[in-house]
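In listed order, ligands and their atoms are each counted from 1.
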Amino acid sequence: MKGEQVERYISPRIETGPYFPGRGDFRVLFLNTNPYRVGVVNLGWQTVVEYLLVACPFVSIRIEYADTIEYAHLEPLDFDLVAIHIPFETNCPTAIRMLNQIGFPLFSRERNSSFPIVIAGGVYNPFPLADFVDVFVLGDGRLPMVELVNLCFGEKGNKQKVLEIASERKIRGVFIPNLCGAQEQISASPELSLNEYPIHTIWSSEDNVYGLPPDYLSIMVALGCRYKCPFCVVSHCQGIGRDRETEIETNRVLEILNWRREFISVKTVKLFFASSVNVEKLKRIISELTKEKVDVLVGSLNCRQIDEELVTLLKQSGQNRITIAPETNQNQRWKVSKEYITDERIFEIVKLANKYDLPLSLYLMYGLPGETDKDIIELGKLVKEVRRALNSSLEMQVHCNQVYLKPHTPWQYAGQISPEENIRRFNLFSGEFTGIPKIEVKTLDIYSSILQSLLARSDKEMGKLLVNLAFSPSYDSRELMKRVEKLIPDWQRYFTERELPEEPWSQIVFQDHKILWQRWMAFKKRLKQEGRGE
Ligand code: SF4
């Protein structure tokens with residue numbers, strides 16, 4: 001393949017969407033660290049790839065997934081640039097494995113200038129991968145990627161020079177671990193205006209994780225969330241460009257639908273948004289889409305915003321369940337900034353679910369700072385009462401996970417419960433439903449749960465574990481802990497509460513870390529006042 005010109009967009013399988021004609025001789029390889037059917041529906045990489053194809057007429061792009069790369073027979077020198085999308089911490093070992101599968105030496109320092117630059121996007125804490133990746137793009141990848149691609153195109157084959165120029169230019173959202181001083185602040189790149197540069201499905205496939213035919217269309221309706229719950233990474237790391245439009249207009253949604261209809265007769269529109277979306281606008285969008293005779297699907301709804309009009313609209317538009325996220329019991333809801341969700345409000349929503357014959361899903365969590373066993377038992381009791389109030393013919397799902405303490409949130413400084421405590425608290429919670437039919441409880445498997453807790457707030461040292469898992473995968477939690485103990489004997493430090501506002505990722509700025517620390521201090525003060533802190 002080296003030296004050949006290639007089609008501008010080459011996918012490993014057939015997808016429905018626009019075809020980019022022409023040929024480009026600057027070859028970009030996009031690695032998606034999810035398996036095809038999961039990765040193909042992700043809007044993040046699609047948005048970046050489409051933006052690049054339009055902005056840089058000289059590129060050709062090839063995309064490979066965690067389960068397609070093995071059969072692709074690629075060489076690093078076939079490409080001028082490699083971009084990796086890493087949407088979750090648990091994808092980090094896959095990123096290392098994929099680079100190795102196409103022949104990259106393991107560490108970035110072992111790759112001479114003839115190797116293409118490796119850029120990673122999607123992470124909030126780049127440090128565990130800092131030894132394996134040349135450049136991280138933090139926040140919205142579109143503008144930084146175009147700048148980096150232009151730079152690489154101008155200085156083709158001179159990786160070190162590209163890195164030095166990129167470092168000097170201080171491109172917003174670009175972090176180059178080997179050239180960045182420990183004191184230097186790197187601000188994340190804010191999203192582009194959602195109306196001018198909307199985020200939606202560009203390509204779809206019949207082999208997708210939704211189990212839908214390829215005639216679906218996903219649209220991002222709103223970015224970020226103004227409630228900024230202290231554990232929530234979405235609200236702290238998305239929608240950070242306050243001067244830009246972070247909500248889409250109804251007519252723009254209809255334009256996107258009509259654009260998509262040029263490629264396929266759209267049957268289902270999935271709307272993505274977080275809780276602070278303007279509910280009147282949301283109703284208008286659903287109502288207009290219903291007139292267009294498409295089914296509309298939405299995810300979790302804000303308990304404050306659910307009313308009969310919204311539920312009627314959703315029912316008419318094909319929505320098949322109500323999903324809400326009360327998170328915890330009423331006594332603890334102040335901790336997650338959700339005091340407004342009273343148990344009374346939850347039962348009002350249950351009545352609407354009954355009236356409109358809609359199953360109910362609840363998102364809950366445990367492991368909050370200052371939590372006691374009594375809190376967990378009360379949460380279990382609430383779930384049982386909701387089950388009793390919901391019509392027996394309606395299905396009820398409960399998604400309950402430990403809270404994951406993520407960088408760039410006020411709880412980045414909190415203590416994470418240990419893996420054993422995680423299992424104990426989940427068993428305490430789910431034990432409340434023994435013998436009670438029609439409550440389906442779902443939780444993340446313990447292996448992924450431990451890995452996520454370890455990686456979210458870790459540092460370069462964690463690279464040892466990532467390499468181990470990349471080349472000798474194990475999905476057994478006991479085996480994982482054995483390896484952790486051996487490779488990183490003081491691993492508990494990733495779980496303990498922070499004494500000072502000093503984190504490896506403090507130099508990465510999605511939010512002002514001083515404000516995050518102040519919020520954490522204020523939280524601890526209240527915890528003490530409530531008799532729950534030390
Ligand atoms: S309401 Fe939901 S989306 Fe908004 S900050 Fe809280 S958890 Fe995040």
Mutual orientation of the aromatic rings belonging to W520 and Y413 [parallel < 30°, tilted 30-60°, perpendicular > 60°]: tilted
Parallel, tilted or perpendicular: ring planes of F426 versus Y366, cut at 30 and 60 degrees: tilted
Contacting atoms of ligand 1, where contact means under 4.0 angstrom from a heavy atom of F231: 7 (S)
Short side-chain to backbone donor-acceptor contact, R142 and Y197, under 3.5 Å: yes
Plane angle bin for H408 and Y124 - parallel if under 30°, tilted between 30 and 60°, otherwise perpendicular: perpendicular
Exam field: side chain N427 to backbone R424, donor-acceptor pair closer than 3.5 Å: no
For atom 8 (Fe) of ligand 1: protein N/O/S atoms at distances below 2.8 Å: 1
E344 CD: over 12 foreign heavy atoms closer than 6.0 Å: no
